[in-house]
Structure formats: structure tokens, C-alpha cells
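Letters go in sequence order (proteins before strands), and every chain restarts at 1.
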Amino acid sequence: QKEVEQNSGPLSVPEGAIASLNCTYSDRGSQSFFWYRQYSGKSPELIMSIYSNGDKEDGRFTAQLNKASQYVSLLIRDSQPSDSATYLCAVRSNFGNEKLTFGTGTRLTIIP
Amino acid sequence: DGGITQSPKYLFRKEGQNVTLSCEQNLNHDAMYWYRQDPGQGLRLIYYSQIVNDFQKGDIAEGYSVSREKKESFPLTVTSAQKNPTAFYLCASSGTSGIKSYEQYFGPGTRLTVT
């Protein structure tokens with residue numbers, strides 16, 4: 001079982017709709033969770049971090065964390081063509097250890 | 001502007017040659033990391049350093065070496081022992097204290113092609 005799993009996609013969403021990206025992780029001791037956006041040929045860009053159960057909103061982005069079920073999700077409201085990218089989920093597992101484990105990413109395409 | 005720089009953006013080498021990739025940051029971050037990204041495989045950790053003059057192997061350290069003589073710099077050498085060196089190499093850094101201490105920020109990357 002992979003430590004951090006994401007559906008590779010591609011996920012196609014109409015412009016203006018809500019895009020929902022999911023990530024599950026295997027280590028119950030995981031402490032911190034991150035979403036990165038990566039455009040083709042570019043490096044990952046941090047867009048959201050979440051540390052406690054519940055929702056965290058930042059503009060059109062909402063991160064949701066459920067530690068009991070070991071999943072974290074990212075919602076993108078009012079999707080724009082510029083949101084088309086690969087979204088990487090990253091998890092920090094061990095307290096005091098700064099290593100992140102990345103999922104393989106979900107490719108999102110917003111259809112105009 | 002604070003940030004992470006990597007050079008060069010593209011690098012071409014012949015098989016059997018060692019090559020060093022540069023990574024510099026002016027974010028005053030203590031921790032620095034090197035990742036490798038191959039198509040469809042996500043990011044894999046090569047080496048990381050939490051403090052000057054100290055570094056640890058990541059998941060795929062074989063065939064690579066690093067040094068951390070200055071807080072700002074964390075160069076990666078891809079040696080001839082690395083069997084499949086062609087990849088996109090990403091350097092990242094993070095702080096080590098405070099609420100944002102585990103947020104990693106990436107440089108623009110170096111695309112290495114070995115033939």
C-alpha cells in the first residue's frame with residue numbers, strides 16, 4: 001500500500017464548477033498536510049496547508065482534513081481554466097521529522 | 001525578493017560524467033531538500049539537511065552526494081554511479097520552527113538529460 005494515494009486522473013471539470021481532489025494516507029501519526037499545484041514543466045507551488053481536523057478556506061480553495069478516516073481533500077470553487085494543473089498531496093508523518101511524503105498527483109483539466 | 005534559485009535550468013551531460021546542480025535560498029530556512037521527479041512517479045526524496053554541516057539520505061540516495069557548508073546553499077552532485085540520472089531535479093527549503101515550519105517551498109528545478 002502506498003503511503004499517500006491520489007487518483008491520477010485526469011479529472012475533467014467544467015469551468016465555474018467545483019473541482020474535488022482527494023488524498024488518503026496510511027500513517028495515523030501524520031501531523032501536517034499540504035496541497036501543491038504543479039503546472040506542466042514547472043515546479044510545485046504550495047497552495048494550502050492544514051494541520052487540524054475540519055475545513056480551511058483560502059479564497060476559492062478549501063482544504064478538508066479527516067484524521068479518523070485518514071483522508072484530506074481539496075475543493076476548488078468556481079474553477080477556472082488557469083486551475084488546470086497537477087495537484088500533489090503531501091503528508092508529514094513523524095512528529096519532529098521534517099520529511100514530506102508526496103502522492104503521485106491528480107491531473108485536473110478545467111473545460112471552458 | 002526572497003526565494004530559491006536553481007541553476008542551470010537545463011543540463012546535458014554524457015554518460016559517465018559527474019555533474020553538480022546548484023541550489024541557493026535567501027529565505028533564511030534551516031532545512032533544505034533535494035527531490036527527483038520522473039513522469040508518473042511523483043517526487044522522491046534524495047537527500048535532506050536540517051542544519052549546516054549535516055545531512056541525511058532520503059529514499060533514493062544511491063548515486064548522489066550533497067554538501068551543506070553554508071545555510072544558503074545545498075548543491076547536489078549526480079555521480080556516474082547513478083544508473084538513470086535523466087530526470088527533473090527539484091530543490092526545496094523549509095523553516096524549522098513556528099506554525100509554518102514544515103511548509104516546503106520549491107525552486108524552479110533543473111532538467112538533467114544524460115546521453
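With a 4.5 angstrom heavy-atom cutoff, A:Ser8 does not touch chain B via any of its atoms. Of the two parts of B:Leu90, only the side chain, counted from C-beta on, holds a non-hydrogen atom closer than 4.5 Å to a non-hydrogen atom of chain A. For a residue to count as touching a neighbouring chain, one of its non-hydrogen atoms must lie under 4.5 Å from one of that chain's; by this rule A:Glu45 does not touch chain B. Using a 4.5 Å cut-off between heavy atoms, B:Gln6 does not touch chain A at all.
B:Leu45 and B:Leu112 are assigned to two separate hydrophobic clusters, defined by single-linkage of ILVMFWY side chains at heavy-atom distances under 4.5 Å. Side-chain heavy atoms closer than 4.5 Å link hydrophobic residues (I, L, V, M, F, W, Y) into clusters, and following such links, possibly through other members, connects A:Leu100 to B:Leu27. Each of A:Leu88 and B:Ile60 belongs to its own hydrophobic cluster when Ile, Leu, Val, Met, Phe, Trp and Tyr are linked at side-chain heavy-atom distances under 4.5 angstrom. Tracing side-chain contacts under 4.5 Å through hydrophobic residues (I, L, V, M, F, W, Y), one never reaches A:Leu75 starting from A:Tyr87; they form parts of separate clusters. No path of Ile, Leu, Val, Met, Phe, Trp and Tyr side chains, each step under 4.5 Å between heavy atoms, connects B:Met32 with B:Leu43, placing them in separate hydrophobic clusters.
To the nearest 0.5 Å, atoms OH (B:Tyr105) and CG (A:Leu46) are separated by 5.0 Å. For the atom pair A:Ser49 OG and B:Gln104 CD, the distance stands at 12.5 Å (nearest 0.5 Å). Between A:Thr101 atom OG1 and B:Arg44 atom CZ the span is 13.5 Å, to the nearest 0.5 Å.
For B:Phe106 and A:Tyr36, the ring centers are positioned less than 6.0 Å apart. Under the 6.0 Å cut-off for aromatic ring centres, A:Phe102 and B:Tyr35 qualify, their centroids lying closer than that.
Closest non-hydrogen pair, A:Ser43 versus B:Pro108, comes out as OG-CA, 3.7 Å. Looking at every heavy atom in both residues, B:Phe88 comes nearest to A:Lys42 through CE2-O, 3.6 Å.
Under the 4.5 Å side-chain criterion, counting only non-hydrogen atoms from C-beta, A:Lys99 is in contact with B:Asp59.
Around CD1 of B:Ile51, the count of heavy atoms belonging to other residues, nucleotides or ligands within 6.0 Å does not exceed 12.
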